[in-house]
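Taking it in order: structure first as structure tokens, then the write-up.
Since this is a predicted model, take the numbers as computed values, not measurements. In what follows, chains carry the letters A, B, and so on, assigned in the order in which the sequence lines appear, proteins first and then strands, with residues in each chain numbered from 1.
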Number of protein chains: 2
Amino acid sequence: MGKLSTREKIIEIADQLFYEQGYEFTSFAHIAEKVGISRGNFYHHFKTKDDILEAVIQKRLVDREALLSNWEKDAKTPKERILLYTRILIFNQDKILQFGCPVGTLTSELSKLDHPMTDQAGSIMTLFREWLKSQFLQYGFQESEADDHALHVLAWSQGVATLANTFKDTEFVNREVAGISQWLDEALLSLSTQ
Amino acid sequence: MGKLSTREKIIEIADQLFYEQGYEFTSFAHIAEKVGISRGNFYHHFKTKDDILEAVIQKRLVDREALLSNWEKDAKTPKERILLYTRILIFNQDKILQFGCPVGTLTSELSKLDHPMTDQAGSIMTLFREWLKSQFLQYGFQESEADDHALHVLAWSQGVATLANTFKDTEFVNREVAGISQWLDEALLSLSTQ
DNA sequence: GTCTATATAGAGATAGAC
DNA sequence: GTCTATCTCTATATAGAC
């Protein structure tokens, strides 16, 4: 990727700090210091804290869309793709044990702050929801059932991330990810016996 | 219950505000105003923000212990008791749609703040974990399996609370709570066929 | 126990020189 | 585009009168 503009650097650092410390706690001074610029310069790029939050959410959306697009290429079956989703919990285990799920924790925080960007943050969850739903649709599930399954996988993953953060238990994460895989097999099996 | 002391009133309001707005965002001024006392008076009762957080967590622990104790009386079988736990998601649905799970969201927030009380907040989750485990033990599950099941029920509930907050979908909550009940039946069935 | 007044630090945000 | 200097507001916290 090479060089990033100051603006891009700010977004990247802010993304990281919002995840690791939370949005409310993270200050402009903190971001500016990590980027290596003055606070005055910071305001040249972003006028308000909401502006930078918006840019961070936008970046997360773009990043996740690229991720999903890669999975479409890397995995041949919808089942493999769904499992790739659940394995975020394993690939990013270190971060998740420390800070939870970036999507779930940001939405939760903004929701409590009654922040105008809450719905935008939720749209990242919606992105995964729609993508998971499309995988289930490819197996011939009805619209509503495919969506129910998508929400179920999302909820399961979110719960695992939350408890992983609370108890710092990698074995638990491995067990639950295997559990999702098993549940998926059963869901697909029930489909063929209908 | 009748009259509450000023101290008790502060703890109660702080408990509510930490849940609804988050710990970091809630200020002494905000709590004092809702209690109807001056900031100066506030400091007579609690010297630091950490002190009041500690009192809130302590109160939550006591409240939850009383809740679990009631469930032991109200429900005759371990299965009924576990289902009472999952039905918090239904009883408290309005609050959960608005603010998520009070236990999970506080632990998550404190974890990001790297707050010294993070582990104390986690002990509320541990309380439920141990209690759920003891219910599974009564069915003859092995120690480790009973604990795995307890964590599974906890994670599932946490995930449902997170997504309920994101999507404000009561039907989803009802479906998932029914799903936990069904999973529980299957887990108990697998036990008798071993 | 409760109040007013105040100290101090940090936040978000702006102005203007370079 | 980057900086220093500054404004304003709000936060935690303290002192001391009643």
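For the pair A:Ser27 and C:dA11, the criterion of a side-chain N or O lying under 4.0 Å from OP1 or OP2 is met. Residue A:Thr48 has no polar side-chain atom (N or O) positioned under 4.0 Å from OP1 or OP2 of C:dG12. In this model, the phosphate group of C:dT2 is approached by a side-chain N or O of B:His45 to a distance below 4.0 Å at OP1 or OP2.
Following rounding to the nearest Å, B:His44 (NE2) and D:dT14 (P) show an atom-to-atom distance of 14 Å. Atom CG of A:Asp51 is separated from atom P of C:dT14 by 10 Å (rounded to the nearest Å). One atom, CD of A:Glu33, and another, P of C:dG12, lie 14 Å apart when rounded to the nearest Å. In this entry the distance linking CG of A:Asn41 with P of D:dC3 reads 5 Å, nearest Å. The distance from atom CZ of B:Phe42 to atom P of D:dT14 is 13 Å, rounded to the nearest whole Å. Rounded to an integer number of Å, the gap from B:His30 NE2 to D:dT12 P is 12 Å. Summarising the geometry, the separation between NZ on B:Lys47 and P on C:dG1 is reported as 12 Å, rounded to the nearest angstrom. Here the C1' atom of nucleotide D:dA17 and the OH atom of B:Tyr43 are 19 Å apart, to the nearest Å.
For B:Phe28 and B:Phe46, the ring centers sit 6.0 Å or farther from each other. Ring centroids of B:Phe172 and B:Phe167 are separated by 6.0 Å or more, keeping the two rings apart.
Judged purely by distance below 3.5 Å, without hydrogens or angles, the side chains of A:Asp50 and A:His115 pair a donor atom with an acceptor atom.
Between C:dC3, D:dC3, D:dA13, one nucleotide has an atom nearer to the side chain of A:Ser38 than all others, and that is D:dC3.
Ring-plane geometry between A:Trp183 and A:His149 is classed as perpendicular, the angle between the planes exceeding 60 degrees on a 0 to 90 degree scale with a lower cut at 30.
Residue B:Ser5 is out of contact with every strand shown, counting any heavy-atom pair closer than 4.0 Å.
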